[in-house]
Asker: 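My structure is below; once you've seen it, I'll send some questions.
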Amino acid sequence: MFLHTNPNQIFAFSQLLPEDNNVNNGYAILGIPFDSTTCYLSGSRYGPQAIREASYNFEVFNISSKKDLNIENYDIGNIDITPGNYTKTHIKIKDTIKELQNLNLKPITLGGEHTITCGVLEAMKEYDPKEFEDLTVIVLDAHMDLRDSYLEEKYSHATTIKRVAELEPKQIIQLGIRSACKEEYLFAKNNKKIKFYTNRNFFENKKEILTKLSSIKTPIYISVDIDVLDPSYAPSVGTPASCGLTPLDIEDIIINLSKCDVKGLDVVEVSSNTIGDITSVNASKIIYDFLSAKSN
């Protein structure tokens, strides 16, 4: 369900998957260039390649984690999505994620719009329902994405976390929230399995929140909508929202979460097709920081 990339176009510090699939563990980086329901600035189909291109700007040694990036990870290329058809793309995402899990590889997905997260997590639930019941989903996003439908679409960038909630992980923690309709806000407030921190919550209680994140005992999955960053750091996104987090905030969150048992990570909504665009640079750094922090 995927295509290998040209060796010159893979994420820096990654390897290609061996032809015999003889791997023991680690992370698999895959692109999902699906961009169908975006309603403001389209272009996240270009995100996977923009993120890969930006990764060549970093050093092997990560000065923040004080580690060389040496963890086993493979770039398996992009999923062969069906443009404009979420249903068919969703099936391809699930099949690919299950293939990776059979190889004992954890997914790092490059978006593409935020709907891709639904396919990844649904595959993880079908593969191991018991583990999924104990999973904490950490979402970094400017928006709650808890609408039941948007523009008559059940699977939309604005409904992603509602679909994830319906999968019933142990809990969902949202960080950086600063935009929601009233119904979303009330749904989250009244749902015992959802905890959210607004941008103001984070700015005013950063140290306390980081401590809570690093002490999570359950397995976790991390989903980063790059619009969690302030538009001054990430202008090329589907739905920008001002007063967002900074790259340093995200670095601190990722380094703290890396102490947990991370089952997967996605970085989505990068709508950039220009080399050196700050949005793709900051998105790529999230993966770089995570892999560095997980290295020996």
Side-chain angles (χ1 to χ4, degrees), residues 1-2 17 21 23-30 32 34 72-74 76 79 81 86-141 144-149 153-157 159-175 187-188 190-196 212-213 215-225 257-268 290 294:
M1 287 301 174
F2 53 80
L17 196 65
N21 291 342
V23 296
N24 295 316
N25 54 48
Y27 290 90
I29 296 173
L30 66 154
I32 309 180
F34 184 75
E72 192 169 1
N73 72 96
Y74 305 89
I76 67 169
I79 289 179
I81 61 97
Y86 178 77
T87 301
K88 290 183 178 179
T89 298
H90 184 80
I91 293 170
K92 293 178 179 180
I93 293 171
K94 291 203 302 177
D95 287 348
T96 304
I97 296 301
K98 290 175 185 177
E99 287 182 35
L100 294 178
Q101 290 181 299
N102 283 330
L103 296 174
N104 201 27
L105 292 173
K106 304 178 185 72
I108 296 179
T109 4
L110 316 178
E113 63 176 56
H114 209 167
T115 51
I116 69 173
T117 304
C118 301
V120 175
L121 287 173
E122 191 171 317
M124 292 173 70
K125 179 175 182 176
E126 291 179 4
Y127 188 83
D128 191 340
K130 193 69 176 176
E131 182 176 78
F132 194 87
E133 287 178 6
D134 199 37
L135 188 71
T136 296
V137 180
I138 312 290
V139 185
L140 282 64
D141 201 329
M144 283 189 157
D145 293 352
L146 286 169
R147 297 171 189 261
D148 189 56
S149 66
E153 292 281 354
K154 291 286 284 187
Y155 284 90
S156 162
H157 71 96
T159 69
T160 296
I161 306 307
K162 183 64 178 296
R163 300 288 83 83
V164 171
E166 291 169 350
L167 294 173
E168 298 187 328
K170 184 179 182 66
Q171 64 174 334
I172 297 171
I173 300 175
Q174 297 181 298
L175 301 166
F187 177 82
N190 295 324
N191 191 315
K192 293 180 180 179
K193 288 190 172 185
I194 298 177
K195 174 70 176 177
F196 66 90
K212 287 182 178 179
L213 294 176
S215 63
I216 294 173
K217 302 302 182 186
T218 70
I220 69 170
Y221 180 89
I222 308 168
S223 179
V224 183
D225 184 328
L257 287 176
S258 71
K259 300 172 186 176
C260 303
D261 180 14
V262 182
K263 298 299 183 180
L265 163 71
D266 65 58
V267 180
V268 298
F290 174 76
K294 281 291 190 182

Asker: Please round to the nearest 0.5 Å and tell me the distance separating atom OH of Tyr221 and atom CG of Leu135.
Answerer: 9.5 Å
Asker: Starting at OG1 of Thr109, measure out to CD1 of Ile29 and round the result to the nearest 0.5 Å.
Answerer: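 So the OG1 of Thr109 and the CD1 of Ile29 are separated by 10.0 Å.
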Asker: What is the minimum heavy-atom distance between Pro107 and Leu30, and which atoms define it?
Answerer: CB-CD2, 4.1 Å
Asker: Which atom names give the shortest non-hydrogen contact between Ile76 and Ala28, and what distance separates them?
Answerer: CG2-CB, 4.4 Å
Asker: Looking at Lys154, is its backbone amide N or carbonyl O close enough to the side chain of Thr159 to form a donor-acceptor pair, meaning the two atoms are under 3.5 Å apart?
Answerer: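 Between the backbone of Lys154 and the side chain of Thr159 there is a qualifying donor-acceptor contact (under 3.5 Å).
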Asker: Starting from the C-alpha separation in whole Å, work towards a yes-or-no answer on salt bridge (charged side-chain N to carboxylate O under 4.0 Å, His left out) for Glu133 and Lys170.
Answerer: CA-CA 5 Å; Glu133 287 178 6; Lys170 184 179 182 66; over 6 Å; no
Asker: I'd like to know whether Asp266 forms a side-chain contact (heavy atoms from CB on, under 4.5 Å) with Ile108, so could you lay out the CA-CA distance, the side-chain angles of the two residues, the decisive distance to 0.1 Å, and finally the verdict.
Answerer: CA-CA 5 Å; Asp266 65 58; Ile108 296 179; over 6 Å; no
Asker: According to ring pair (Phe, Tyr, Trp, His ring centres under 6.0 Å), who are the partners of Phe187, at least two apart in sequence or on a separate chain?
Answerer: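 With neighbours one apart ignored, the set is empty.
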Asker: Find the distance between CZ (Phe34) and CD1 (Ile116) and round it off to the nearest 0.5 Å.
Answerer: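 Interatomic distance, Phe34 CZ to Ile116 CD1, rounded to 0.5 Å: 10.0 Å.
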Asker: Given Ile97 and Glu126, is the side-chain contact (heavy atoms from CB on, under 4.5 Å) satisfied, shown in steps?
Answerer: CA-CA 10 Å; Ile97 296 301; Glu126 291 179 4; over 6 Å; no
Asker: What are the two closest non-hydrogen atoms of Ala188 and Leu146, and how far apart are they?
Answerer: CB-CD1, 3.8 Å
Asker: Just say parallel, tilted or perpendicular for the rings of Tyr155 and His90, cut-offs at 30° and 60°.
Answerer: tilted
Asker: Of all heavy-atom pairs between Leu257 and Val262, which one has the smallest distance, and what is that distance?
Answerer: O-CG2, 3.5 Å
Asker: Distance only, no hydrogens: is a donor on one side chain within 3.5 Å (strictly under) of an acceptor on the other, for Thr218 and Asp134?
Answerer: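 No, because no side-chain N or O of Thr218 sits under 3.5 Å from a partner of the opposite role on Asp134.
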Asker: Looking at every non-hydrogen atom in both residues, tell me the closest pair between Gln101 and Ala123 and how far apart they are.
Answerer: OE1-O, 3.8 Å
Asker: Would Met124 and Lys263 count as a side-chain contact (heavy atoms from CB on, under 4.5 Å) if you check the C-alpha gap in whole Å, the side-chain angles of each, and the deciding distance to 0.1 Å?
Answerer: CA-CA 9 Å; Met124 292 173 70; Lys263 298 299 183 180; 3.6 Å; yes
Asker: Is the shortest side-chain N to carboxylate O distance from Glu131 to Lys125 below 4.0 Å?
Answerer: no
Asker: I'd like to check Leu17 versus Val23 (side-chain heavy atoms, cut-off strictly below 4.5 Å). Are they in contact?
Answerer: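 They are in side-chain contact.
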Asker: Mind checking whether Leu110 and Ile32 have side chains closer than 4.5 Å, heavy atoms only?
Answerer: no
Asker: Do Ile216 and Ile138 have side chains that approach each other closer than 4.5 Å (heavy atoms only, starting at C-beta)?
Answerer: yes
Asker: Are Phe132 and Tyr127 near enough that their ring centres are under 6.0 Å apart?
Answerer: no
Asker: Could you list all the salt bridge (Lys or Arg N to Asp or Glu O under 4.0 Å) pairs where at least one residue sits in residues 105-124, not counting sequence neighbours?
Answerer: Lys94-Glu122
Asker: Can you tell if the side chain of Asp225 reaches within under 4.5 Å of the side chain of Val139, non-hydrogen atoms only?
Answerer: no
Asker: How many angstroms lie between CG in Leu121 and CG in Leu167, if you round to the nearest 0.5 Å?
Answerer: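 Interatomic distance, Leu121 CG to Leu167 CG, rounded to 0.5 Å: 6.5 Å.
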Asker: Check whether any side-chain heavy atom of Phe196 lies under 4.5 Å from a side-chain heavy atom of Met144, and answer yes or no.
Answerer: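 Side-chain contact under 4.5 Å: yes.
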Asker: Please step through salt bridge (charged side-chain N to carboxylate O under 4.0 Å, His left out) for the pair Asp261 and Lys217, ending with a clear verdict.
Answerer: CA-CA 8 Å; Asp261 180 14; Lys217 302 302 182 186; over 6 Å; no
Asker: In a check of side chain to side chain contact (heavy atoms under 4.5 Å, CB included) between Asp145 and each of Gln174, Lys162, Arg163, His114, which one passes?
Answerer: His114
Asker: Thr136 versus Ile173: any side-chain heavy-atom pair under 4.5 Å?
Answerer: yes
Asker: Rounded to the nearest 0.5 Å, how far apart are CD1 of Ile81 and NZ of Lys92?
Answerer: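 Spacing of CD1 (Ile81) from NZ (Lys92) equals 7.5 Å.
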Asker: What are the two closest heavy atoms between Gly119 and Tyr86, and how far apart are they?
Answerer: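 Residues Gly119 and Tyr86, closest heavy atoms: N-OH, 3.9 Å.
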Asker: Decide side-chain contact (heavy atoms from CB on, under 4.5 Å) for Ile93 and Val120; before the verdict, give the C-alpha distance in whole Å, the side-chain angles of both, and the deciding distance to 0.1 Å.
Answerer: CA-CA 6 Å; Ile93 293 171; Val120 175; 3.9 Å; yes
Asker: Would one find more than 12 heavy atoms of other residues, nucleotides or ligands at under 6.0 Å from atom NZ of Lys88?
Answerer: no
Asker: Please round to the nearest 0.5 Å and tell me the distance separating atom CD of Glu99 and atom CG of Asn21.
Answerer: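 Reported to 0.5 Å precision, the distance equals 8.5 Å.
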